[in-house]
Each structure stands twice: as structure tokens, then as C-alpha cells.
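Structure first, then comments.
In this text, all values refer to a predicted model and were calculated from it rather than measured experimentally. Letters A, B, ... are given to chains in the order of the sequence lines, protein chains preceding strands, and every chain is numbered from 1.
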Amino acid sequence: MNIEELKSSISAILPSAIYDETGEFLNVNIASEELYPLINELRSNSEFDFDYLFCLTCIDWKDHLMMVYHLLSKTHQHTIVLKAKISNRENAEIETVFNIWRTAELLEREVFDLFGVKFINHPDLRRLFLSDDWNGYPLRKDYVDENMISL
Amino acid sequence: MRILLTYSFSSFANYIHHLLAELITNPMLLHVTEMVILGVSLIAFLVVLCFFLGYMERKVAAFMEIRLGPNRVGPKGSMQIVADTLKLLLKEGLTPDSADKFLFNLAPVIMVIASMMVIAPIAFAKDFQLYDINIGVLYVSAVSSLGVIGILMAGWSSNNKYSLLGAMRSGAQIVSYELSVGLSLISIVVLSGSLSLGDIVRSQENGWWIIKGHIPVMISFVIFVIASTAEINRAPFDMAEAEQELTGGFHTEYAGMKFAMFLLSEYINLFMVSAIAATLFLGGWMPFHIGGLDGFNHIMDFIPSSVWFFSKTFLIIFIIMQFRWTFPRLRVDQLLTLEWKYLLPISMINVILVTIMAIMGWHF
Amino acid sequence: MEINKSMEGPLTFPGQVHETADGGILVTKLDDVINWARSNSLWPLVFGTSCCAIEMMSTAGAKHDWSRFGFEVARATPRQADLIIVAGTIVMKMAPVLKRLYDQMPEPKYVIAMGACTISGGPFFYNTYSVVKGVDHVIPVDVYIPGCPPRPEALLHSMITLQEKIKNEQYFKKKIEDVR
Amino acid sequence: MRGLIEDDYVTEEGEFVINIGPQHPSTHGVLHLKVWLDGETVKKVQPHLGFIHRSIEKMSESLSYRNFIFATSRMDYLAAHINNEACALTVEKGLQLEVPDRAKYIRTILAELTRLQSHLLWWGCTGLDLGAVTPFFYAFREREFIMEIMEETCGARLTQNFMVPGGVMYDIHPNFQKRTKEVLTQIKGKFQEYDDIMTGNVIFENRTKGVGFLSKEDAISYGVTGPTARASGVSCDIRKLIPYSAYNQVQFDEILGTGGDCYARYMIRMHEMKQSVSIIEQLIDNIPEGDFQTKTKNVIKLPKGEFYQRVETPRGELGVFIVSDGAASPYRIKYRSPGFSNLSALPLMAKGGKIGDLVAIMSTIDLVIPDIDR
């Protein structure tokens, strides 16, 4: 599927999706609540068949957090980037995609550890890199570390 | 030249005996004194031997691994092991708090004693044998399996899961491989008709068993070397230690002198196993003889019997060391599969073959 | 030669016993023997956290070959090791582990801080929330080697430096002073 | 010590838990594995990470686009060139900068040399992990020659820091081509030796064949890449799929296996070494004349946007994701490290095996822990 076909197919599932084609891949902006139904469809529908989640991360845009999913289909060789906006910074929550791509288990734990996004239904949501008594989420822009030496 | 040929340690022992008999008149005291002298010299001999074996292992490893090995301490690095031992003796001897202290400290002692006891019936040279016990082969196989008690004790008392796993592995391993070792020893007992190690050596006067006994004895020799490598816990059968899996295995918690004792017992075991293999299969101190060729045999007799014994033993030690530095380690279930599915059936059939050969007189 | 010798001071006759500052011939000689054994048999702990560990492995390799000095008996368990080469960055989560490893080693024990990370945090010294800025915040260090990562020759040099340090230790003399 | 002891040590009847790592000879660094055992059989494995989490991503947010590249040398230190190259390529993608052909060739040759030395080290360590010590020394003998070439041209042995946005930092050393060819001849002669000592060994085959099976579907689902995935039959060589640098100018095969076990992974890497040699041989005599670097401004500012670059490291697919807000340093950087995803499949592969199998699996998926923890 090329970009136009992807766009029309996704719009059929989720009309509220906003597209951004400035980058290398097709970016699909959605709200965090809309993520799971769409992503489930993207995986299970054989037209999309996005079987490979090659990057899962989060960006802190100061007023909101944004989850970024890079998806690729090994069979069709097409790529899209899903961006789910989480407006609530203090109590950030999003559905886990662990049961769709197993690789998400550790990646989501990493995001939880460094950004504090809670993944609903995640089987084992603990800190991954930092010790369990760590305060704060270091990759957030407002994280202040007293040990830090700024240049 | 005549003196050199007939020279044996018995004359030396007799000389010391007479010397002491003149000084000490009480026969009981004399006996005790001789025993003490014997014990001290034996331990000294074994420790020096272990220094040498440790040095040899470092150098063989270096030879296999295209590097130089120790060469800074002493000439050609020969004092390296002395430094290591001295350092281990002077190191803090830790006993973990939660360990069973009595068993923890007893285990290395048992290991060393068990391995040293095997020395008794071994003939180092012509007429040089501590005690030619008439059931020598039985004694050797019985005593050499005592070491496993030390390993189990060490593993259990350390209160460490790695140690316990190592000890359990080792228990299963040594009990299994004992069977193959025993069966391959039996093939020589069948051929020579004696359990005494002295008699077995003398029965090889017209040729070593490995040559006289054709292929069946060669098979039992190979099985003996493999199984005894496993019995003394050396790579590729070092399941009890398995550095990459269990960090240190049964000796994970041991430090300083107690660890040195484990090393000591490892090297004594290595030597003993090779010495037994050399005695049974390669004729011990017996020179290379071919039945009927008297002239040739006479020339071979010029080489002292102790040289024959030690060169055979060290050849086998070298082979076992090469195993260690070349082969990957077996997995624990493969280790037992190898014994119960391959070595044991082969050696059982082999014993029958050897027995038939002995009855029919097919050997030389 | 002859002239120099006579200029050193008053002549002594052979066999004369001196009152030495270090507490006697026997103790000094024993110390020498102990130091000789300890310095020539430094068994390192297999401990590498990052890049420097690879250079440590290179040092063990055939070209640099630390076995020449008797260092090749790398022990996996801290109980049997004399020396811990901290090869690589130590982060906050690793620091208690390192401390425990150090505590598990029996005396005498030595530490080499290998590479910039272990000296000061190295290239990760600023704006990171998780790196310990120097391993000497956690355990005492005997020898520091700079470099990112240090060359194998530098590691060998540091180990020889450590040997020299050990050769000047006075184990028995201290014992005697304690008794006095 | 929290994080080490507070976890649930819940065991079933007859089970017990051992902690492998953080300091353990077979974890290749400071990985901590909590292993539930029933006797010798592994019931469950749980990786605990973060013992070398150096927060490279956070640090990069305060470094300029020239400098952040060099922090990645310490990430996967066995593939420092390739990490640097990935970052440089991402910045070039953002700047839409054309790199001179000469730089492309040099990058590719150095990347393949890096791959070769990384695989050599892996081969030696696999031997060591399985209990054979000698392969380690054989591997390091050849690796030292490559290190010498690196040192001559880049000035460092391990963390070369040779790639800059726009090309490479310096021109190659005059001896570079001659010595590389010498070393290649040397290494090609040694492949047979490697096979002799390890590949055909009965014990080695028993230890690796049928051990740590990973199916194709699981490999994709777990995001496994590199030789580990290719052994399961997943075609994922970025050098073939999305050629970068000079990979579109060379002929090479993507080695695919079907076994999915440790032996297949081993064989893939052994063949990849030969492919690397062949790639370097094709390029080394044809390095075009010209600039080795496109001049860039002193302060690089990427336009606003997001840039993603995938490259193939010896361990798999490295992704560099830069989010720029137009400033002189990145707003957010994410490294999709190959080891991280490969490790996530370890519990699946190790389940039901023995402790010895766990060690074999860990060594054949070739973990580099700082690459996982970043």
C-alpha cells in the first residue's frame, strides 16, 4: 500500500486521524484513547499487516506527552508512524500494546521508567533501568536533578 | 654401570632403616619415626609435584593459546606457582556467616586426604612402592571416589545456591563415571589375573597391556582416560565448577588457604589418575619391552625405571590438559547421557571381549 | 666503584648486626617475601561493566598477554580474587553491587580504576542523572589509569605500578607495632 | 540494594531462584537475570536491566549535533563506527546534506571492519562461554590486527569517533589500503582454523543444535533483528533493504538460516564474517578520489521535524530517532538498540532448557549490555 491508500484505509477506521507527511514516513496523529482499536486493526487486518513494531518511544512536549509507534509490515514493506497524544501529564495513561507485539513489554517498561506513562493492562509494570525508589521521571523536560552539573 | 642398572630405591630405604635402627632401639618408636619421615616426605613430594603441575598447566595453556605464559617470576616464570601458593596461604581465610562452619572447614581437608590416600599402592619405580596391597586396584577405585564427599560437603555447607548446584552435579557425575572407570580397570585385572598393582606391572614384562591386549584394551584405555577426566572434575567435564554457569561451583565461597587445598587436591587427583592409567595400560615403571627381543629389551633397561614411569604419567597429564583448553564443556544432561548411553554399554561389552580374549589366550 | 664505596660512610665489617629502623632483619625479610608473593600473584576479579572491559580482554589476549606477570588467573568469584579492575562506568544502581563485591573479597585487596568513567564519570560526567562521578565515591582506589578506554599497555603499566606499591607494604612491621 | 532484593521470589513446590549477575562471567557485562529453576531446568527468566544505564539519551539533549555522536561510541562499543555512522546519517538526513563518495566508501569499509572485529570477539566469547578457552585467544589474535588499522587511521582502538556530519573526520592513512588488504588475507586464512576448533566439534554441536529455538513469528513479534533474527529466517538486513553509504555499490548476500537455534545463529555470524571480507575487498581498491567531508557550518541546526535512520550493526538494527525543535541541540533522541529487543526474547528462548543452555543462548544472541541499557 502506498501512502494515499494507507491514509484512506485508516480514515475508514478512524475518521478523526490527522495526517502529517512532512517527514520520511506517514505520521498519523491520534488521541491516546483511540489508540488501541486502531492499532489492533492495523495488526490483525491482512491489508495492513503491521507485524513489526521497530520503535516505541515517548516525547515530552512540555504541555503534553506523545507516544510514538513506528510500525512496519514485513509482508507489504510499508511504514507508518502513529503518534498518540496524552494530554494529562500528571496522570499519563495509555493502553498497552504488549499483547499485539511482544517487544512492547520491555519498551513500555522503559517508557514508564523514564517518562512515567502508565500502561493499562501491562503485566509487569515496574521500573526497568532505575532502582525502584527513584523519584521522578528523568527524561521529562521538567525533571530536576540536584547532582546535575549544567554547562 | 652394573650398579646403575641394579640400583633401586629399596637399597636406599634399607640404608635409612639401618641408620635409624642404630639410633633408636625401641622397635615401636622406630616404626613410628619411619612412618613420620615417610609421611612428611610424601606430602613434600606431592606439594612439589603440584607446584610443577600448576606451572605445567599454565605453560601448556599458554602453548595452546599462542601466548607466552608466566615468565617474570623466577627463571621462565617457574616461581609463579610458589608466589601464588604463598599468597593464598597468607590471604584472609573467610568463612561466611551463614555457612555450616564445621563442615565448611572440614571439606577441603577431606578432599586433600582422599586424593593423597591414592598414592599408597602406586609403584613410582622398580621396587619403590609404599605398600603393594594385594587388592590395589580395588583400593584405588574405592578411595578415589571418596573425594565426592568433600565436594558435596563443600557445596552444602557453603549455603550458596551456586555451590549447591555444583555439588549436586558433581555427585551425579562422579557416581556415574565411577562405573566406567571400574569396568575399564577390570579388563586389565582379567588379563593380568591380579589385583595387586605390583603384579600388574610385572605382568607387562614382555610388553605393555595396551600393545599386548589389541583393540579391546585400547578401547578401555580411551574409556579410562575420558571417565577419569570426568571423575576428577576437569574440563570438559568440570560441571562442578563450570565457571561460566556457576561462577565457581562448589568452591564459590572458599578463599585463601582452603581454596588452595582444593587446587592441591585437583592436581594430586590429576597426577594419580594419570599414574594409574600409566601403571595399568602403559606398564608403569616397566621399560618398553618386546617379548623375545632380548637385546632390545636390555637396551631399554638402561633408562631408569622412574624415568619411564614419570614420562608415561606426564604424557597422559599433557593429554588431559589439552582436553581442558580445547573442548567446550558438556551440558549436565549430555554428560550423563554420554556415560549411561555410550561409555557404560561399550565398556561392558568390552569387558566380555577382554574376558574371551584372556580365556582363549589371544593376547601376546 | 671502589672510591664511591668508601665515600658512602664508615666501613662496616661483614656480619655486623645493625639496629634497623624497621624492626629487625627477620621482620623486614619476611615482609619482603610476603610482598613478593602478593605482588606477583594478583588474581583479578572478572568484572567489567562497559568499554574498558574489552580492552581488559585485549590485555588478556595473546598480543599483550598479562599472564606473563601471573595475572591470568581471573576468578569469577570475589572470594578468590585479590584485585578488582573497575573497567567501565559505575552507575547509581551498580554502586551498591560494586561495594558488596568489594566487601566480599578477602584481605588483602586492591582496586584499579580503569578509564575516565571510573576516575571522574568520564564522558558521562555532566547532565546525567545516573552515573557515579568517580568510583572512589564507592570503594577506595589504589591505582588510577586515564583513557577512554586506556590502551592495554596502560593497564599493564597500572598493574605493574600496583605491584610496586605492594612491594613497599609492611605487613609484619605493622603487626609488631600493633602488639607493642 | 533495592531493585535487587525487594522483588517477588515466589516459587512453586520444588523451585528455587538464583540470581545470575550483575557480576557474572557469562552475562558479558552487568546484566542481571533472575532465574527460576527446577533442579537444572530453567522455568522462568526475568532480565533486570539498568546496571549500566548511563542516560546517554538525556545527555544528548544538551549536546550539540556535532558532539552527541561521540557519546554513542560508548553505547555499543563493539560497533562504535556503526553507531557514529547512524547518528551522522540522521543529522545528514535532517540537513539534506550530500556526502562525498570517498567518505561513503571509507565509512562502509570501516563499518565492515568493525563488524568483522565485533564478530571475531563474539566468536571468541562464545567459545569461552561454552567452556573452551582457546578460541578466545585465536579470535583476539586477528582482532588486534584490525585494531591496529583502526588506530592508525582513526587514532583510537575501540571508541574511534571518526564519523562527523558530512563525512569522516580525517582522510585515511596512506597505509590504510595496504594494511587492510594484508589483514584480510591473514583473516581469510584463519577461517578454516576457526571451523576446525569449534564448528565441527561434537560437544559444540550438541551444546548448540536445537537449543534456544526462536520461531520466525516470535522473532518478528519480539522485534528481534540482526543475525539472531536471520537465523530464524527473517529477512532484516538493513544493508540490503534500505542501502545506506556505499552498500548499494557492492555485491553481498544476506545470509538467512532456518534453524532458529543457537547453531544457526552461530553459522550466520560465521558466514557474515566472510561476507564482510568480501565487501571490503570490493571497495578497498576503488575508493574514489575527492573530498572526505562536506563542509558544514560550525553550529549545526536541524530544521524542525523528526528524523529516523536505521542501520545494521553486528547485533541487529540500530535506529536513531531525532526530534528537533530547530535549536542547536536535539530536543529528544531515541536509540532503538538491537540488543534491547533481542534480549526481550531471551526468556522465551531459555524456558525449558538447562542452565548451560541459558549461557549458550546468551552468547549466541551476542549481548552488549551498555547497548541495551544506553
Side-chain angles (χ1 to χ4, degrees), chain A residues 20 22-25 27 43 49-62 66 68 70 72-75 77 79 81 83 98-111 113-115 124 126-134 137-141 143 145 148-151, chain D residues 1-4 6-7 46-55 57-59 61-63 93 216-225 229 234-236 241-242 303-310 317 319-321 323 325 331-336 340-345 347-348 372-374:
Chain A
D20 172 15
T22 50
E24 189 184 359
F25 310 119
N27 290 335
R43 173 70 184 91
D49 199 18
F50 284 108
D51 50 3
Y52 177 35
L53 171 73
F54 64 91
C55 187
L56 184 157
T57 189
C58 183
I59 305 168
D60 181 10
W61 286 112
K62 286 181 181 147
M66 183 180 269
V68 183
H70 285 72
L72 188 139
S73 166
K74 286 269 179 196
T75 42
Q77 293 297 339
T79 317
V81 182
K83 289 181 176 170
F98 145 76
N99 41 11
I100 300 171
W101 299 281
R102 295 300 301 267
T103 180
E105 183 181 350
L106 281 184
L107 288 167
E108 284 179 350
R109 271 180 72 184
E110 184 194 339
V111 171
D113 191 0
L114 303 176
F115 286 95
D124 185 22
R126 284 176 293 133
R127 284 207 181 255
L128 182 66
F129 291 141
L130 303 172
S131 50
D132 288 352
D133 50 358
W134 195 279
Y137 303 104
L139 246 60
R140 286 198 183 187
K141 290 286 174 187
Y143 178 77
D145 181 7
M148 225 178 246
I149 306 158
S150 51
L151 290 183
Chain D
M1 289 308 282
R2 292 200 60 196
L4 262 188
E6 50 59 66
D7 284 308
Q46 209 179 59
H48 283 227
L49 305 175
F51 290 96
I52 187 70
H53 175 60
R54 297 184 283 194
S55 56
E57 289 177 7
K58 179 80 175 179
M59 201 175 86
E61 288 175 11
S62 59
L63 293 175
K93 194 180 253 179
K216 189 176 177 180
E217 291 72 33
D218 281 333
I220 296 174
S221 174
Y222 275 96
V224 174
T225 47
V234 184
S235 167
C236 59
L241 296 175
I242 317 161
K304 209 169 171 185
E306 284 149 26
F307 311 99
Y308 196 95
Q309 175 67 39
R310 301 158 74 189
E317 173 189 333
V320 179
F321 179 50
V323 181
D325 61 349
Y331 186 76
R332 163 100 175 100
I333 283 194
K334 158 82 183 168
Y335 299 109
R336 181 244 185 256
F340 191 80
S341 306
N342 291 0
L343 175 77
S344 67
L348 180 81
I372 295 168
D373 282 358
R374 302 184 293 277

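Contact annotation for D/S235: only backbone heavy atoms (N, CA, C, O) come within less than 4.5 Å of a heavy atom of chain A. Looking at A/K62, the atoms closer than 4.5 Å to chain D (heavy atoms on both sides) sit in the backbone and in the side chain alike. If you measure heavy-atom distances from D/I372 to chain A, the contacts under 4.5 Å come from the backbone alone. The part of A/V68 that comes within reach of chain D is its side chain, from C-beta onward, which places non-hydrogen atoms under 4.5 angstrom from that chain.
Using a 4.5 Å cut-off on side-chain heavy atoms (C-beta onward), A/N27 and D/E306 make contact. Between D/F340 and A/T103 there is no side-chain heavy-atom pair separated by less than 4.5 Å.
One finds the CD atom of D/E61 at 3.5 Å from the NZ atom of A/K141 (value rounded to the nearest 0.5 Å).
With hydrogens and angles disregarded, a donor-acceptor distance shorter than 3.5 Å links the side chain of D/R332 to the backbone of A/C58. The main-chain N or O of D/I220 is never found under 3.5 Å from a side-chain atom of A/K74 such that the two would form a donor-acceptor pair.
Legend: residues meeting ring pair (Phe, Tyr, Trp, His ring centres under 6.0 Å) with D/Y222, ordered by chain and number and at least two apart, are absent. The side-chain contact (heavy atoms from CB on, under 4.5 Å) search around A/T79 returns A/F25, A/F54, A/L72, not counting sequence neighbours.
D/F321 and A/H70 have perpendicular rings, their planes meeting at more than 60° on a 0 to 90° scale where under 30° would count as parallel.
Looking only at heavy-atom pairs under 4.5 Å with chain D, the residue among A/E105, A/R127, A/R102, A/E24 that has the most is A/R102.
A salt bridge links D/R374 to A/E110: at least one charged side-chain nitrogen sits closer than 4.0 Å to a carboxylate oxygen.
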